[in-house]
Amino acid sequence: MDIVILAVVIAVVVLGALGGLIVGSRRTKQLPPPPPTAPDITAPPAEPHVGDEAETPREEPRRTVEEVDLPDGSTPVVIEEPPTEAPAIEIPEPTAGRLVRLRTRLSRSQNVLGKGLLTLLSREHLDEDTWEEIEDTLLTSDIGVQPTQELVERLRARVKVLGTRTPAELRGLLREELITLVDPGMDRTVHTENETGGPGIVMVVGVNGTGKTTTTGKLARVLVADGNTVVLGAADTFRAAAADQLETWGERVGAHTVRGPEGGDPASVAFDAVKEGKEMAADVVLIDTAGRLHTKTGLMDELGKVKRVVEKHAPLDEVLLVLDATTGQNGLVQARVFAEVVNITGIVLTKLDGTAKGGIVVAVQRELGVPVKLIGLGEGADDLAPFEPDAFVDALIGE
């Protein structure tokens, strides 16, 4: 019995020893490798804080006031400023023959008036119905009732006498009659010579939306191209940025612009412009007035005031009325009202390159008894052309 107990105890001891060896070996295998030793990093010195003691100053050589060389004032100190480039002055396109170069811009008007009439006149039989169509074509081209009746009567008489009607003969016939209707005998010169010996004074008027300020800028280019020096008066003080727009046009051709505060007295600006034009010995003073609505009597009275104030210096040489050619007969209403306030001496027709009818030239001249002197044929800077009756009619009826 004692032997059995002893054997059991020995077995237990042996098993315990073996179990300890197994567990120890497993623990030895699962232990991770020791972490690498971090290198010693020396921390940067901390920034000094308020209250920290400063480093002991080092001895450095110093100079006294007597040893420092001071400037004696004989050599001025020059501060170089970056050069400012002046805007380049443009050389406007010559005005002579400008309408001939721009005649293609009248193509739409040509289709309505010139080609339409030539087609009707070329019919084999010109009966009453055909003559009525010719009359309708003229009326739709904004020529007006009275000029239309006159032209139809002359055409009927000459076609009857002519007998044969070849295309060349019809074109020549129509050209002669249209030129007569446009009235080549009218003086279409923009007068800029003042009787007092000072600068010529030109005032530009018109309602909002006709392109009046832009036309004034383009007219300055026309005058400069003809060899004149120009002073611009920005008397349109009611419209925002009108003075800036006009000044930009002037800078492009070297014209001086006189302007006042926004909302200021337009007559005062016009007066100052004429005054400065005299002092600068300019050839022309070009005054842009506000784009007044012809239905507002008070504004028209203000326009009359501008005219009276300017004439304290010298009489006006030109009063140009700017009309939008696309408004047709409605533009004649505007023309009548302006003619009652100021003495209109010439017409500027703008936007004649668009949907406008060429006949408006005849209608407005008949209405006011004054010539069309300039026509606008595009949005380019040099698309304002002196009106030439022969070139205008040739553009309407084509080659």
Exercise. Would you call K218-D383 a salt bridge at under 4.0 Å N-O?
Worked result: no
Exercise. So, T213 and R239: side-chain donor and acceptor under 3.5 Å apart, yes or no?
Worked result: yes
For this session: Decide yes or no on side chain to side chain contact (heavy atoms under 4.5 Å, CB included) for V372 and R188, but give the supporting numbers first.
Result: CA-CA 7 Å; V372 172; R188 304 181 189 277; 4.2 Å; yes
For this session: Tell me, please, which residues at least two apart from E135 pass salt bridge (charged side-chain N to carboxylate O under 4.0 Å, His left out).
Result: none
Problem set entry | Hphob cluster co-occupancy, V337 + V319, side-chain heavy atoms under 4.5 angstrom | yes
For this session: Look at the side-chain heavy atoms of Ile, Leu, Val, Met, Phe, Trp and Tyr, link any pair under 4.5 Å apart, and say whether F392 and V364 land in one connected group.
Result: yes
For this session: Give a yes or no on whether the backbone of V207 and the side-chain of T210 come within a donor-acceptor separation of less than 3.5 Å.
Result: yes
Exercise. Which pairs pass salt bridge (charged side-chain N to carboxylate O under 4.0 Å, His left out) with one or both residues in residues 266-288, sequence neighbours excluded?
Worked result: K212-D288
For this session: Using side chain to side chain contact (heavy atoms under 4.5 Å, CB included) as the criterion, list what pairs up with D226, not counting sequence neighbours.
Result: T95, V222, N228
Problem set entry | With E93 via salt bridge (charged side-chain N to carboxylate O under 4.0 Å, His left out) - residues at least two apart | R101
Exercise. Does the side chain of R171 come within less than 4.5 Å of L118's, by heavy atoms?
Worked result: yes
Exercise. Which residues satisfy the salt bridge (charged side-chain N to carboxylate O under 4.0 Å, His left out) test with R158, sequence neighbours excluded?
Worked result: E176, E177
Problem set entry | H313: ring pair (Phe, Tyr, Trp, His ring centres under 6.0 Å) partners, not counting sequence neighbours | F271
For this session: Find the distance between OG1 (T289) and CE (M203) and round it off to the nearest 0.5 Å.
Result: 6.0 Å
Problem set entry | Interatomic spacing from CG in L178 to CG in D390 - rounded to 0.5 Å | 11.5 Å
Exercise. What closest approach, in Å, do A234 and V269 show between heavy atoms, and which atom pair accounts for it?
Worked result: O-CG1, 3.4 Å
Problem set entry | Which residues share a side-chain hydrogen bond (donor to acceptor under 3.5 Å, both in side chains) with T130, sequence neighbours left out | R123, D127
For this session: Kindly indicate whether the side chain of L121, heavy atoms from C-beta on, has any atom under 4.5 Å from the side chain of E169.
Result: no
Problem set entry | Test side chain to side chain contact (heavy atoms under 4.5 Å, CB included) applied to V284 and V190, step by step | CA-CA 11 Å; V284 186; V190 178; over 6 Å; no
For this session: Look at the side-chain heavy atoms of Ile, Leu, Val, Met, Phe, Trp and Tyr, link any pair under 4.5 Å apart, and say whether L219 and V285 land in one connected group.
Result: no
Problem set entry | Residues in side chain to side chain contact (heavy atoms under 4.5 Å, CB included) contact with M280, at least two apart in sequence or another chain | V231, H256
Exercise. When Ile, Leu, Val, Met, Phe, Trp and Tyr are grouped by side-chain heavy atoms lying under 4.5 Å apart, directly or through other members, which residues fall in the same group as L139?
Worked result: V145
Exercise. Are side-chain heavy atoms of L126 and R156 found at a separation under 4.5 Å?
Worked result: no
Exercise. Between atom CZ of F387 and atom CE of M186, what is the distance when rounded to the nearest 0.5 Å?
Worked result: 10.5 Å
Exercise. Taking all non-hydrogen atoms of both residues, which atom of L323 and which atom of G331 are closest, and how far apart?
Worked result: CD2-O, 3.7 Å
Exercise. Taking everything shown except E90 itself, do over 12 heavy atoms lie less than 6.0 Å from its CD?
Worked result: yes
Problem set entry | Flag, side chain of D317 to backbone of I201, donor-acceptor distance under 3.5 Å | yes
Exercise. Who passes side chain to side chain contact (heavy atoms under 4.5 Å, CB included) against V370, sequence neighbours left out?
Worked result: I344, I347, L368
For this session: May I ask you to decide if P386's main-chain N or O and R98's side chain share a donor-acceptor pair within less than 3.5 Å?
Result: no
Exercise. Run the side chain to side chain contact (heavy atoms under 4.5 Å, CB included) check on I287 and V202 step by step: do they pass?
Worked result: CA-CA 6 Å; I287 302 172; V202 180; over 6 Å; no
For this session: Can you see which heavy atom on N194 is nearest to which on A314, and at what distance?
Result: ND2-CB, 3.7 Å
Exercise. Say you draw a straight line from CG of D382 to CG of L377; how long is it, rounded to the nearest 0.5 Å?
Worked result: 12.5 Å
Problem set entry | E132 CD to I134 CD1 distance, which is reported to the nearest 0.5 Å | 10.5 Å
Exercise. From T257 OG1 over to Q245 CD, what is the distance, rounded to the nearest 0.5 angstrom?
Worked result: 11.5 Å
Exercise. Is there a donor-acceptor pair under 3.5 Å between the side chain of K373 and the backbone N or O of T189?
Worked result: yes
Exercise. Quick check: does any side chain N or O of T345 sit under 3.5 Å from a backbone N or O of L320, one acting as donor and the other as acceptor?
Worked result: no
Problem set entry | Pairs touching residues 253-262 that satisfy salt bridge (charged side-chain N to carboxylate O under 4.0 Å, His left out), sequence neighbours left out | D244-R259, E247-R259
Problem set entry | Residues Q146, Q149; criterion side chain to side chain contact (heavy atoms under 4.5 Å, CB included); working and verdict | CA-CA 5 Å; Q146 186 63 31; Q149 292 175 348; 3.9 Å; yes
Seminar exercise, completed: On a heavy-atom basis, the closest approach of G264 and T237 is O-OG1, 2.8 Å
Exercise. Transitively linked via ILVMFWY side-chain contacts under 4.5 Å: I360 with L138?
Worked result: yes
Problem set entry | Salt bridge K305-D265, side-chain N to carboxylate O under 4.0 Å | yes
For this session: Would you confirm whether Q365, through its side chain, and V182, through its main-chain N or O, come within 3.5 Å as a donor-acceptor pair?
Result: yes
For this session: Check whether any side-chain N or O of T137 sits under 3.5 Å from a backbone N or O of L117 as a donor-acceptor pair, and report yes or no.
Result: no
Seminar exercise, completed: E193 meets the salt bridge (charged side-chain N to carboxylate O under 4.0 Å, His left out) criterion, sequence neighbours left out, with none
Exercise. Are any of the side-chain nitrogens in R336 or E340 under 4.0 Å away from the carboxylate oxygens of its partner?
Worked result: no
Problem set entry | Minimal non-hydrogen separation, L332 against E367, with atom names | CD2-CB, 4.2 Å
Exercise. L223, V322: one ILVMFWY side-chain cluster at the under-4.5 Å cut-off?
Worked result: yes
Problem set entry | Shortest non-hydrogen contact between P92 and V253, atoms and distance | CG-CG1, 3.8 Å
